[in-house]
Amino acid sequence: MSPEQQRALTAFNTEHVGPSNGTLAFVLVVTRSLKSMTFPVNASSLKTAQGGQVKGLGGAATDSILKDHGITRRLASEGGRTSRGNLGRLEAYVDAMNSLWSAGKLDLDDAEAYWVQQVLTYWAQQPFTFKLDPSKSLRSSIRHLISQAVSRQQAAGGKMYAGTVMQHLVGAKLDLVKEGEITHHGASVADAPTNRAGDFLLGDVAIHVSAAPSEGLMRKVVQNLEAGLRPVIITTENGLGGAKASATLAGIEDRVDVIEIEQFISMNVYEWSKFDRDSRPTTVGELIRRYNKIVAHCEADPSLRIEFDEP
């Protein structure tokens, strides 16, 4: 992308778009529409017949564009269709694109790629959500939370969101059990430099939290056993089989507990709420509050926070 176009798009983003799914959907659809038009473009040709809306806006149109870039996540169900400010944005955007065209600096493929990247950045800055749906199991709600972290991790190309969310969710649960006596660490802080036996050490129990248990983790588990500790691995449903297989290969399958995180969290929530339906949202809310407090203390990324959607 030319420096001139980069500057123009960045300026338009700052003034007219920003962190909003509706305006991002708008600019994606308009950019795609401009690809089939002859420049210079008159903004009125991108308006509906009545002139009250921008042509083509909607969730399906936005989904289609993102799918062309290998993204299947939905940005906005309305796709910016109901925003009253889009007509003004349309005039400003068309003016900016016409100016780039007249200067010979316009590349609409690059412009579309720029806005797709802004969508990914927008998602990466949003907190995760936890919805306690009465029609679904508590385990499915926890699974949905972790799946959000997995999806963000895949889009981010390497940043370990899933393991971080899991570690601090387990930490929040342990905080409730031990009434705040737990020491928490950032997810990127390795065990070795701090001489930690695991992510958490409670009495003689060394707890390891991992979305994908590795051979390196199993070596730590063996070291725990040699030190007279009781190792516990908390992992995902997908990681359960691999962790058990690795333990069998290491000959310690009957000396290490491997627990799936959904079960680990959900059963305690039921117990803390005394199996009372009306008390359950309060218990989950306290778990999320403690999680967010841990994240604020241990991590620099505020997007790791969780918003609790109460029933």
Side-chain angles (χ1 to χ4, degrees), residues 72-73 123-124 127-133 136-177 182 184-191 198-200 202 205-221 224 230-250 252-253 255-270 284 287-288 290-292 294-295 298-299 301 303-308:
T72 56
R73 181 176 173 182
W123 279 331
F128 299 109
T129 58
F130 187 97
K131 182 176 178 59
L132 193 59
D133 188 339
K136 296 182 179 179
S137 70
L138 183 54
R139 288 186 64 173
S140 72
S141 297
I142 297 168
R143 184 182 304 122
H144 179 256
L145 170 64
I146 295 172
S147 72
Q148 293 173 56
V150 171
S151 295
R152 184 177 295 181
Q153 182 170 304
Q154 292 170 341
K159 188 169 181 179
M160 296 294 105
Y161 285 102
T164 303
V165 170
M166 288 172 59
Q167 176 179 317
H168 295 317
L169 199 60
V170 168
K173 178 245 171 146
L174 296 176
D175 238 14
L176 284 169
V177 172
I182 303 300
H184 303 278
H185 302 272
S188 61
V189 178
D191 296 343
D199 294 308
F200 304 97
L202 289 78
V205 179
I207 298 177
H208 304 270
V209 185
S210 175
S214 63
E215 291 182 9
L217 174 58
M218 205 54 61
R219 286 194 293 271
K220 291 182 185 177
V221 168
N224 291 159
R230 289 183 172 272
V232 175
I233 297 173
I234 300 173
T235 186
T236 60
E237 186 177 25
N238 290 336
L240 207 61
K244 290 181 176 179
S246 295
T248 299
L249 287 173
I252 57 171
E253 67 274 14
R255 301 181 66 194
V256 57
D257 289 306
V258 183
I259 304 173
E260 186 250 344
I261 190 170
E262 295 165 15
Q263 179 182 2
F264 184 74
I265 300 293
S266 61
M267 281 310 301
N268 279 122
V269 169
Y270 284 124
V284 172
L287 177 71
I288 300 303
R290 293 193 182 223
Y291 167 94
N292 286 333
I294 294 166
V295 165
C298 297
E299 305 292 346
D301 185 354
S303 75
L304 288 165
R305 288 177 52 82
I306 297 172
E307 286 187 353
F308 180 37

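Every heavy atom of this structure was used, including side-chain atoms; hydrogens, water molecules and symmetry mates were not.
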> Quick one: do the N224 and H208 side chains pair a donor with an acceptor below 3.5 Å?
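Note: N224 and H208 side chains meet the donor-acceptor criterion.
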> Could you check whether any side-chain heavy atom of K136 comes within less than 4.5 Å of a side-chain heavy atom of H144, counting everything from C-beta outward?
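No; the side chains remain at least 4.5 Å from each other.
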> So for atom CZ, which belongs to R230, do other residues, nucleotides or ligands contribute more than 12 heavy atoms lying within a distance under 6.0 Å?
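Incorrect, the count does not exceed 12.
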> Distance check, rounded to the nearest 0.5 Å: S140 atom OG versus L145 atom CG?
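Those atoms lie 11.5 Å apart.
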> Just checking, any donor-acceptor pair under 3.5 angstrom between side chains of S303 and D301?
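Note: S303 and D301 side chains meet the donor-acceptor criterion.
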> Quick check for you: to the nearest 0.5 Å, what is the distance between I265 atom CD1 and Y270 atom OH?
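The distance works out to 13.0 Å.
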> Side-chain contact test, heavy atoms from C-beta onward, threshold under 4.5 Å: evaluate it for I207 versus L174 and give yes or no.
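Touching, per the 4.5 Å side-chain cut-off.
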> Working to the nearest 0.5 Å, report the span between CD of Q263 and CD of E260.
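Going from CD on Q263 over to CD on E260, the span is 6.5 Å.
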> Taking E307 for the side chain and T129 for the main chain, is one N or O donor matched with an acceptor at less than 3.5 Å?
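It does not hold such a pair.
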> So does I306 get a backbone contact from the side chain of N292, meaning a donor-acceptor N/O pair under 3.5 Å?
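A pair under 3.5 Å: yes.
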> Looking only at heavy atoms, which two atoms of A243 and P213 are closest? And how far apart?
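Looking at all heavy atoms of both residues, the shortest contact is CB-CG, 3.8 Å.
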> Drop me the distance from D175's CG to K173's NZ, to the nearest 0.5 angstrom.
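It comes to 12.0 Å.
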> I need the H185 NE2 to I182 CD1 distance, nearest 0.5 Å.
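Taking NE2 in H185 and CD1 in I182, the distance rounds to 10.5 Å.
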> Of all the heavy-atom pairs spanning A247 and V256, show the shortest one and how long it is.
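Shortest heavy-atom contact: CB-CG1, 3.8 Å.
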> Between S141 and K131, is there a side-chain heavy-atom distance shorter than 4.5 Å?
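With C-beta onward as the side chain, the pair stays apart.
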> Could you pull out the closest heavy-atom pair between M166 and S210, with the gap in Å?
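M166 and S210 have their closest heavy atoms at CE-O, 3.7 Å.
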> Could you walk me through whether I252 and M218 pass side chain to side chain contact (heavy atoms under 4.5 Å, CB included), step by step?
CA-CA 9 Å; I252 57 171; M218 205 54 61; 3.9 Å; yes
> Which atoms form the tightest heavy-atom contact between I294 and G171, and what is the distance?
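That would be CD1-C, 3.8 Å.
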> Check whether Q153 reaches the backbone of Y161 with its side chain - one donor and one acceptor, N or O, closer than 3.5 Å.
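A pair under 3.5 Å: yes.
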> Run T164 and E299 through side chain to side chain contact (heavy atoms under 4.5 Å, CB included) and show every step you take.
CA-CA 9 Å; T164 303; E299 305 292 346; 3.8 Å; yes
> Would R152 and W123 count as a cation-pi pair here, with the cationic atom under 6.0 angstrom from the ring centre and within 45° of the axis?
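Relative to the ring axis of W123, which defines the angle, R152 lies outside at least one limit.
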> Should F128 and V165 count as side-chain neighbours, where that means a heavy-atom distance under 4.5 Å?
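They are in side-chain contact.
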> May I have the step-by-step check of side chain to side chain contact (heavy atoms under 4.5 Å, CB included) for K244 and E253, ending in yes or no?
CA-CA 7 Å; K244 290 181 176 179; E253 67 274 14; over 6 Å; no
> How about T235 and I261: do any of their side-chain heavy atoms sit closer than 4.5 Å?
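Heavy-atom side-chain distance check fails, nothing below 4.5 Å.
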> State whether Y291 and R305 meet the cation-pi test: NZ (Lys) or CZ (Arg) under 6.0 Å from the six-membered ring centroid, and within 45° of the perpendicular axis.
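Verdict for Y291: no cation-pi partner in R305.
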> Heavy-atom distance under 4.5 Å between the side chains of V258 and V232, does that happen here?
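No - every pair of side-chain heavy atoms lies 4.5 Å or more apart.
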> Could you go through I233 and I259, starting from their C-alpha distance and side-chain angles, then the distance that decides it, and tell me whether this counts as side chain to side chain contact (heavy atoms under 4.5 Å, CB included)?
CA-CA 6 Å; I233 297 173; I259 304 173; over 6 Å; no
> Got V170 and D199 here, is their nearest side-chain heavy-atom distance under 4.5 Å?
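They are not in contact (no side-chain heavy atoms under 4.5 Å apart), so the answer is no.
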> If you round to the nearest 0.5 Å, how far is CD1 of I146 from CG of N238?
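Rounded to the nearest 0.5 Å, the CG-CD1 separation comes to 10.5 Å.
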> Classify the ring geometry between F200 and H184 as parallel (under 30°), tilted (30 to 60°) or perpendicular (over 60°).
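Perpendicular, since the angle between the ring planes exceeds 60°.
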> Any side-chain heavy-atom pair from L132 and L138 closer than 4.5 angstrom?
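Side chain of L132 against side chain of L138, heavy atoms only: contact under 4.5 Å found.
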